[in-house]
2 protein chains.
Amino acid sequence: MNLRYDEVVRSGIAKQVAENIRSAIMDGRLKIDERLPTEDDLARSFGISRPTVREALKRLAAQNLIHSRRGPQGGNFVKRPDPEGLSKAITGAATLLVGIGAFDIDEIVTARLETEKICCRMACENRQEDGLQAMAAEIVVQQDASISDEEFCASDVRFHRALVDSSGNGPLKLMMYTVIEAFIPITNMIVFRVRERRQVVAFHTQIIDAVRARDTDAATAALTSLLSYVRTSYSAALDARAKRDNT
Amino acid sequence: MNLRYDEVVRSGIAKQVAENIRSAIMDGRLKIDERLPTEDDLARSFGISRPTVREALKRLAAQNLIHSRRGPQGGNFVKRPDPEGLSKAITGAATLLVGIGAFDIDEIVTARLETEKICCRMACENRQEDGLQAMAAEIVVQQDASISDEEFCASDVRFHRALVDSSGNGPLKLMMYTVIEAFIPITNMIVFRVRERRQVVAFHTQIIDAVRARDTDAATAALTSLLSYVRTSYSAALDARAKRDNT
DNA sequence: ATTTAAATATAGGTTTGACAAATATAGGAT
DNA sequence: ATCCTATATTTGTCAAACCTATATTTAAAT
């Protein structure tokens, strides 16, 4: 461990200290699960006050880099990274970008289709039993007419998450967080009113059947049809909304 | 604006307040560029102390959701989202995940190849003059034998960023941040020692020529060859490193 | 000797109060 | 009209104290 105590200049101190510690984590000078010096020690070593140290630590905590524990064996510890830790950041940024109209739905659906097709192809090659079971379970959920729209949307997300997981590629999964956690929920929020559940389930069934049969062409064709349906449903939902707004 | 002041229970307060404000931003109750109440007002309204408010605000600042300014018209303001704001989070998480061996290089190269091929195809369809110029400029940089390895790697990243930008798809660009900001730099750090610059430049030239000619097959073939070269260079670099470690 | 309860120490969490620094604005001087 | 200075506002940092969660040690009970 080697924090660079002498590099901190006396303005915007909390941010600098956070960056300093962050660098130590990124460079491997601070290891996963390693305990940072106590708040008092950090304050002494950096020559600053403890509340300022705390502000710096809160920055790191918000970036999922550290977590704290109380007690004599407590302290602040470098957090083991997990892709889920990124999920909120990605979802939040995507949500805001959509909110300010930075992306339009066509772009979103295009990006989703192209990247999810990759996952489809890999899922066919892998044909993982776990993934097939997870997808099949969601299809069962979706066929239950009594579930709410919210639950149907959640199951839709879980189906696609299982499909992406079946690619078996960790880096690709990381990239697909944007799709699974942001783009699909955001789109679902608009289309849930007008789409037919049976139609969606039919596409999901086609996808899973194709994956079982390792038929990449059928899988990607089914996905393409599904997303084309999403596209037209989105337009229909916007039309319906415009009609509602005019009455 | 409608912060939920009464929802905060008296433990882990700073985190709760941050989540509360974050929700307001995500739900659109707080708009882009909108000014939050002053720290004193927030403290009063939540019934907590000002340093605790500050800890909460530092969490939000670390998530690129707000930024602060001093003075009579100062305060904390909701930040306009920008994909670059995500860059550090993505790079950091990917770096750590690679560091703990969660991803191996084959997976990384595979994910990169499949997704970057999509960008290639779109770039050919679009054939944007701006993008071509940016890529061509980087090729010129890369042909200069006097630049350092570091500069060559940086130019390599910029070339691929220009290629990805030429896809013209914002959501896809957002997803490709992981590749551009994390996977390529991480891989470059290992292979820079063994790869031939001329070979890389040749592949880059093939890619740009194909994009100019709107030849998607040639573009994706050139990219595939480039990444195959990265793969073998990576193996060679690991071998060379193993040899160095044994002497 | 073993188990349970209480006391103690440690480290993070929060509060109170004060001062410093950056910045915009208003008023006065030229 | 322009420039300079004083003032007000808001964030940034500090000092000192107290609170709370948690692990460990000590003392008491069985």
Side-chain angles (χ1 to χ4, degrees), chain A residues 1 3 5-22 24-25 30 33-80, chain B residues 1 3 5-22 25 30 33-79:
Chain A
M1 184 191 339
L3 301 178
Y5 297 118
D6 51 336
E7 284 186 359
V8 175
V9 301
R10 311 212 67 87
S11 176
I13 293 180
K15 189 171 175 186
Q16 289 178 67
V17 170
E19 286 295 327
N20 185 314
I21 296 171
R22 181 196 155 88
I25 295 171
L30 273 172
D33 292 324
E34 186 170 352
R35 185 169 173 276
L36 269 64
T38 64
E39 291 177 358
D40 281 338
D41 285 346
L42 286 171
R44 224 170 352 248
S45 301
F46 281 110
I48 60 178
S49 73
R50 190 181 149 218
T52 305
V53 168
R54 293 183 54 78
E55 289 188 10
L57 294 177
K58 291 300 179 283
R59 284 175 176 271
L60 296 169
Q63 293 171 344
N64 278 295
L65 292 174
I66 64 170
H67 64 104
S68 67
R69 209 161 54 230
R70 296 188 192 186
Q73 303 297 321
N76 287 281
F77 297 82
V78 179
K79 217 170 157 187
R80 178 159 293 271
Chain B
M1 184 189 341
L3 301 178
Y5 297 119
D6 49 333
E7 284 186 356
V8 174
V9 301
R10 310 213 66 85
S11 177
I13 294 179
K15 189 173 177 185
Q16 287 178 67
V17 171
E19 287 296 326
N20 185 316
I21 296 171
R22 182 197 155 87
I25 295 171
L30 274 172
D33 293 323
E34 185 168 357
R35 185 168 173 277
L36 270 65
T38 64
E39 293 177 356
D40 281 337
D41 286 345
L42 287 171
R44 224 171 348 252
S45 301
F46 282 110
I48 62 177
S49 73
R50 190 179 148 222
T52 304
V53 167
R54 293 183 55 77
E55 288 188 10
L57 295 177
K58 290 300 178 285
R59 284 176 174 270
L60 296 170
Q63 292 171 342
N64 279 295
L65 292 173
I66 65 172
H67 65 102
S68 66
R69 204 157 62 228
R70 299 188 192 185
Q73 304 297 320
N76 288 278
F77 298 82
V78 180
K79 218 171 157 187

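Proteins get letters first, then strands, A, B, ... in listed order; numbering begins at 1 in each. Below, each value reflects all heavy atoms present in this structure, side chains not excepted, and no hydrogens, waters or symmetry copies.
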Need one value for [X]: base, sugar-phosphate or nothing, where a base atom within 4.0 Å counts as base even if backbone is also close, heavy atoms only.
{"X": "B:K15", "result": "nothing"}
{"X": "A:D40", "result": "nothing"}
{"X": "A:R54", "result": "base"}
{"X": "B:R50", "result": "base"}

Inset, instruction - Answer yes or no: does a side-chain N or O of A:N76 lie under 4.0 Å from OP1 or OP2 of C:dG12? - result: yes
Inset, instruction - Would you please confirm or rule out a distance under 4.0 Å between OP1 or OP2 of C:dA11 and any side-chain N or O of A:S68? - result: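 Indeed not, no polar side-chain atom of A:S68 lies that close.
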Legend entry - With sequence neighbours excluded, residues passing side-chain hydrogen bond (donor to acceptor under 3.5 Å, both in side chains) with A:S68: none
Legend entry - Test side-chain hydrogen bond (donor to acceptor under 3.5 Å, both in side chains) applied to A:N64 - qualifying residues, sequence neighbours left out: A:K79
Inset, instruction - Using salt bridge (Lys or Arg N to Asp or Glu O under 4.0 Å) as the criterion, list what pairs up with B:E39, not counting sequence neighbours. - result: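 So B:E39 forms a salt bridge (Lys or Arg N to Asp or Glu O under 4.0 Å) with B:R50, B:R54.
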Distances under 3.5 Å only, N/O to N/O: pair up the protein atoms with those of nucleotides 6-9 of chain D.
{"residue": "D:dT9", "atom": "O2", "partner": "B:P72", "partner atom": "N", "Å": "3.2"}

Inset, instruction - Any chance you could encode DNA chain D as dot-bracket? Rule is Watson-Crick or G-U wobble with both distances under 3.5 Å; [ ] for pairs crossing earlier ones, | for another strand. - result: ||||||||||||||||||||||||||||||
Legend entry - All pairs passing salt bridge (Lys or Arg N to Asp or Glu O under 4.0 Å) where residues 57-69 of chain B contributes a residue, at least two apart: A:E55-B:K58
